[in-house]
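Structure first, commentary second.
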Amino acid sequence: MKKNSLGIIFLAGLVFSSCQRTETIQSISEIELFTLPYGKFEEQLSTADLNSIGNIQFGIEMRDGFFYLVDGDAKKIMEINSYGDLLTLFYNEDAEIADFFAESKRMDKSIHHEISYPFDYPGKIAVDSKKYIYAVCSIPRDRQEKSDDDTMLYSNTVLRFARDGSFVEYLGQQGPGGTPFPYIKNIYTTSKDELVVVCTSTEGAVVYWFSSEGFLKYMIPVSKKDIPLVKGINENSDVYLSIEGVIPDPASYHLYVQVDYFSSYVDEDSKVQSGVNYIQTLLYSLNVEEGIFEEPVSIPPYEESVVADYSRLTYRIPYEFLGVTKNGWKFFILKNDDGFNIEMIQNENQRILRRHFKANHNNILYNTMSLSQDGIITALYIEKEKARVVWYRTDSLIDAILKN
């Protein structure tokens, strides 16, 4: 396999993944697990204003059949089983629910754990095999820091706490008690119970990879200038790229980097640039230990044809990178009129599976999804009357493919 070291930006040839067998798009049924009402009590989700979507901060993670929900407005994190029973509740000491518990005469409060950090929760969460919970937090303004060149604001941290509430600590760039992170796009845990924090930067992304003890192992900048040049694309000065997703492999020290390529669109009549044209998406594998980009895989876009005035127009839209399973399947997602399209790709066997999830977007005011290492997609749908937690058993589909 041809490789390019980080910083040496040349690629002799572009390798597209050719699919030996491409599946037609079929539907996968939604399985509703439980619902949650809205309100201020411990087993409810708090929504101050459902019409103000920008203020809704929820997140969900599934691990071994248990569900972890972040309610940013209420400053709490809930552990729930598949029947909807609340098992554990973590909450800020300054949260509204803390006053409720203080006044409560209930004697059994073993499932309630108060966190003495005045943080806000934007909704990003991860859980490892030891049931350690990691949650992204926004720190108070007076504790935020700036980079030396004033181009980055360090305003996020990661809380780590045990499921039984026996300890709570916060992680920064260097580990426990370290400098706050720049804006955190997402966090992940690996099969070795290591935490990976993916932050945004002015040039792309910065990734912090921690040991299971919480100490920094790798700090990996992923910038546009380090992406290998592609023959036939980068030779055109009008072509530019965008780093859209950086996700770790759960089983090895690799990062997968989604790069979308675009070109300028010039109106033929006015000769003025009036937009951009999508060209293609490449998925690069970055060997973290060696600092090497390996050959990319082409990710087919979603295509939709529209017939108007006796002509057919085909629109090509890039997918969003959702995650990677422990078996190496890469999941990509795209919202459409009647639900979501999912594209699952495995490089080794050059296989692509495409499936569709039906969803009524008229009822869903907000949604967030997560992918487990086993390949199960879990979704939290915030609807007008209640919240629903559902999953899609794409793991069963993959298992059936592997057996055949």
Side-chain angles (χ1 to χ4, degrees), residues 1-15 17 126-130 132 134 158 160 171-176 178-179 181-182 184-201 203-230 241 243-259 281-299 321-331 345-350 371-375:
M1 177 177 286
K2 298 178 182 178
K3 301 180 180 180
N4 296 88
S5 62
L6 189 62
I8 302 176
I9 50 176
F10 175 76
L11 186 62
L14 174 63
V15 177
S17 63
V127 182
D128 67 19
S129 66
K130 297 179 292 187
Y132 283 3
Y134 300 84
V158 176
R160 178 172 74 159
L171 303 177
Q173 295 182 35
Q174 299 80 20
T179 305
F181 297 99
I184 296 176
K185 185 173 183 179
N186 216 336
I187 57 175
Y188 307 88
T189 56
T190 71
S191 57
K192 296 180 180 180
D193 292 331
E194 297 180 338
L195 174 70
V196 181
V197 180
V198 179
C199 302
T200 60
S201 71
E203 296 296 325
V206 181
V207 180
Y208 301 84
W209 198 305
F210 296 90
S211 69
S212 57
E213 292 79 23
F215 298 102
L216 183 65
K217 295 184 68 172
Y218 302 101
M219 192 277 285
I220 312 108
V222 183
S223 64
K224 297 178 183 178
K225 64 181 179 62
D226 292 323
I227 300 299
L229 295 179
V230 178
L241 60 88
I243 297 176
E244 292 298 324
V246 180
I247 297 179
D249 189 298
S252 67
Y253 290 109
H254 284 79
L255 290 173
Y256 295 100
V257 182
Q258 176 188 347
V259 180
T281 296
L282 296 180
L283 186 69
Y284 292 87
S285 175
L286 172 58
N287 187 314
V288 172
E289 294 175 306
E290 299 180 12
I292 292 175
F293 277 110
E294 300 174 353
E295 289 183 341
V297 174
S298 179
I299 307 301
F321 195 12
L322 181 62
V324 184
T325 71
K326 62 185 179 183
N327 292 325
W329 287 87
K330 288 79 177 177
F331 279 58
I345 298 178
Q346 190 183 51
N347 304 11
E348 293 78 5
N349 296 326
Q350 296 183 329
L371 175 70
S372 74
Q373 294 184 16
D374 295 321

Which atoms form the tightest heavy-atom contact between [X] and [Y], and what is the distance?
| X | Y | value |
| --- | --- | --- |
| L171 | L195 | CD1-CD2, 3.7 Å |
| S285 | H254 | OG-CD2, 3.2 Å |
| C199 | I184 | SG-CG1, 3.9 Å |
| Y284 | P228 | OH-O, 3.6 Å |
| G323 | L371 | C-CD2, 3.5 Å |
| G375 | F331 | O-CZ, 4.1 Å |

Walk me through whether V196 and V207 qualify under side chain to side chain contact (heavy atoms under 4.5 Å, CB included). CA-CA 7 Å; V196 181; V207 180; 3.6 Å; yes
Let me confirm one number: the [atom1]-[atom2] distance from [X] to [Y], rounded to the nearest 0.5 Å.
| X | Y | atom1 | atom2 | result |
| --- | --- | --- | --- | --- |
| I227 | I243 | CD1 | CD1 | 4.5 Å |
| Y134 | I187 | OH | CD1 | 9.0 Å |
| T281 | L241 | OG1 | CG | 11.0 Å |
| F321 | Y256 | CZ | OH | 8.0 Å |
| L283 | I345 | CG | CD1 | 7.5 Å |
| K330 | T325 | NZ | OG1 | 8.0 Å |

Relative to each other, are the rings of Y253 and W209 parallel, tilted or perpendicular (30° and 60° limits)?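 Taking W209 first and then Y253, their aromatic rings sit tilted (interplane angle of 30° to 60°).
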Show, in sequence, the C-alpha distance, side-chain angles and deciding distance for L216 and Q174, and conclude whether the side chain to side chain contact (heavy atoms under 4.5 Å, CB included) test is met. CA-CA 6 Å; L216 183 65; Q174 299 80 20; 5.5 Å; no
Using modelled atom types only, decide if a donor and an acceptor are shared between the side chain of [X] and the backbone of [Y] within a distance under 3.5 Å.
| X | Y | answer |
| --- | --- | --- |
| N327 | W329 | no |
| Q173 | P182 | no |
| Q373 | A251 | no |

Can you check whether Y132 reaches D193 side chain to side chain, under 4.5 Å on heavy atoms?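 Y132 does not reach D193 side chain to side chain.
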The test is side chain to side chain contact (heavy atoms under 4.5 Å, CB included); show your working for V198 and I247 and say whether it passes. CA-CA 8 Å; V198 179; I247 297 179; over 6 Å; no
Apply side-chain hydrogen bond (donor to acceptor under 3.5 Å, both in side chains) to E213 and list each qualifying residue two or more places apart in sequence or on a separate chain.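 Residues passing side-chain hydrogen bond (donor to acceptor under 3.5 Å, both in side chains) with E213: S211.
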Who are the salt bridge (charged side-chain N to carboxylate O under 4.0 Å, His left out) partners of K217, not counting sequence neighbours?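 For K217 the salt bridge (charged side-chain N to carboxylate O under 4.0 Å, His left out) partners, ignoring immediate neighbours, are E194.
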